Enquirer: 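Got a structure here, written out as structure tokens. Questions coming.
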Amino acid sequence: MRATLSALIRSARRELLSFDDPAGALDQGIPEPFLEFAGYCVRTSGEQTPTVRRIAPRQGLTHLRESWLWPGAARVTDCIPFKMVVADRTVAVVPLDLELHYNGLLLIRDPVVVQALVRTHHAWWDTGEDLTPHTVATAVPAHLLPVLHSMLAGFTDEAAATRLGMSGRTYSRRVGQLLTALGTTSRFRAGAEAARRGWL
């Protein structure tokens, strides 16, 4: 699979399109070398390909690495239909389970199917939001994510702090940071805003 993906990316001379979820492989038991390889593919994709367009789901920003911002252009949408890579509008790779390249790949060369995948990518691209360092900065900070989940689960501050292994003061401070990041002073509104931003 690594060889197939690598060969596909290296073969692109004009355009490389992809749907990808930077957080999709987390907690899936995928070996670290494969994850590092995926990062390598992203970094090298623009060295030889003039047009690189990548689309990620909004919730994937939570674990987005800054290097994902380059090369080429990237946009974020509320969701992606599946993972995919298309090279020069002639060949595509789609995971067999539609989510993880690690579990097997379908290599597609049929021009009708490839064109349909290109059109799908264009439709998502047109509705997406440009992905910039500012966009990434608006994702929930990793240290506040457990606090958000505790709030949504309905734990009292004391129970949540104990569950997370932190002092009550630290938990309260992080709740305040979370509310500030969400632009509200209401815990109820915080949940709605977090959902709207795709933090959940």
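Given the structure is predicted, the values throughout are model-derived calculations rather than measurements.
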Enquirer: Quick one: pull up CG in L8 and CG in L107 and give me the separation to the nearest 0.5 Å.
Expert: 7.0 Å
Enquirer: Spell out, yes or no, whether I108 and V118 are grouped together once hydrophobic residues are joined by side-chain heavy atoms under 4.5 Å, including indirect joins.
Expert: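 Linked within one cluster.
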Enquirer: Between T49 and V52 (side chain of the first, backbone of the second, donor and acceptor by atom type, cut-off under 3.5 Å), is there such a pair?
Expert: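 Between the backbone of V52 and the side chain of T49 there is no qualifying donor-acceptor contact (under 3.5 Å).
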Enquirer: Given side chain to side chain contact (heavy atoms under 4.5 Å, CB included), test V114 with T90 step by step and report yes or no.
Expert: CA-CA 6 Å; V114 172; T90 59; 5.7 Å; no
Enquirer: Could you tell me the separation between the CZ atom of F82 and the CG atom of L117, rounded to the nearest 0.5 Å?
Expert: 5.0 Å
Enquirer: Kindly compute the distance separating CD1 (I80) from NE2 (H121), expressed to the nearest 0.5 Å.
Expert: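 Reported to 0.5 Å precision, the distance equals 9.5 Å.
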Enquirer: Would a 4.5 Å heavy-atom cut-off, applied to side chains only, mark L164 and R174 as touching?
Expert: no
Enquirer: Flag yes if more than 12 heavy atoms outside R13 fall under 6.0 Å of its CZ atom; otherwise flag no.
Expert: yes
Enquirer: With R187, which residues qualify under salt bridge (Lys or Arg N to Asp or Glu O under 4.0 Å), at least two apart?
Expert: D157
Enquirer: Given side chains that start at C-beta, do those of L106 and L96 come closer than 4.5 Å, heavy atoms only?
Expert: yes
Enquirer: Quick check for you: to the nearest 0.5 Å, what is the distance between L148 atom CG and L179 atom CG?
Expert: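 The distance works out to 10.0 Å.
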Enquirer: Can you name the salt bridge (Lys or Arg N to Asp or Glu O under 4.0 Å) partners of D88, sequence neighbours left out?
Expert: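 For D88 there are no salt bridge (Lys or Arg N to Asp or Glu O under 4.0 Å) partners, ignoring immediate neighbours.
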Enquirer: In the single-linkage hydrophobic clustering (I, L, V, M, F, W, Y; side-chain heavy atoms under 4.5 Å), do V147 and F155 co-cluster?
Expert: no
Enquirer: Look up atom NZ in K83 and atom CG in D20, then write down how far apart they are to the nearest 0.5 Å.
Expert: 4.5 Å
Enquirer: Give the minimum heavy-atom separation between V112 and D110, together with the two atoms involved.
Expert: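 Minimum heavy-atom contact is N-OD1, 2.9 Å.
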Enquirer: What are the two closest non-hydrogen atoms of W124 and P81, and how far apart are they?
Expert: CE2-CD, 3.5 Å
Enquirer: Are any non-hydrogen side-chain atoms of T120 and F19 less than 4.5 angstrom apart?
Expert: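 Of all side-chain heavy-atom pairs linking F19 with T120, at least one is under 4.5 Å.
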Enquirer: Calculate, to the nearest 0.5 Å, the distance between atoms CE and OH belonging to M151 and Y171 respectively.
Expert: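 Rounded to the nearest 0.5 Å, the CE-OH separation comes out at 6.5 Å.
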Enquirer: Could you report the tightest heavy-atom contact between A74 and W125, atom names first, then the distance?
Expert: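 Here A74 and W125 meet closest at N-CH2, 4.0 Å.
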Enquirer: Taking all heavy atoms of A160 and all of S150, pick out the closest pair and write down the distance.
Expert: CB-CB, 3.8 Å
Enquirer: Locate the shortest heavy-atom distance separating A12 from A87; write the atom from each residue and the value.
Expert: CB-CB, 3.9 Å
Enquirer: Does V113 belong to the same Ile/Leu/Val/Met/Phe/Trp/Tyr cluster as M84, with side-chain heavy atoms less than 4.5 Å apart forming each link?
Expert: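 Yes: a chain of side-chain contacts under 4.5 Å links V113 to M84.
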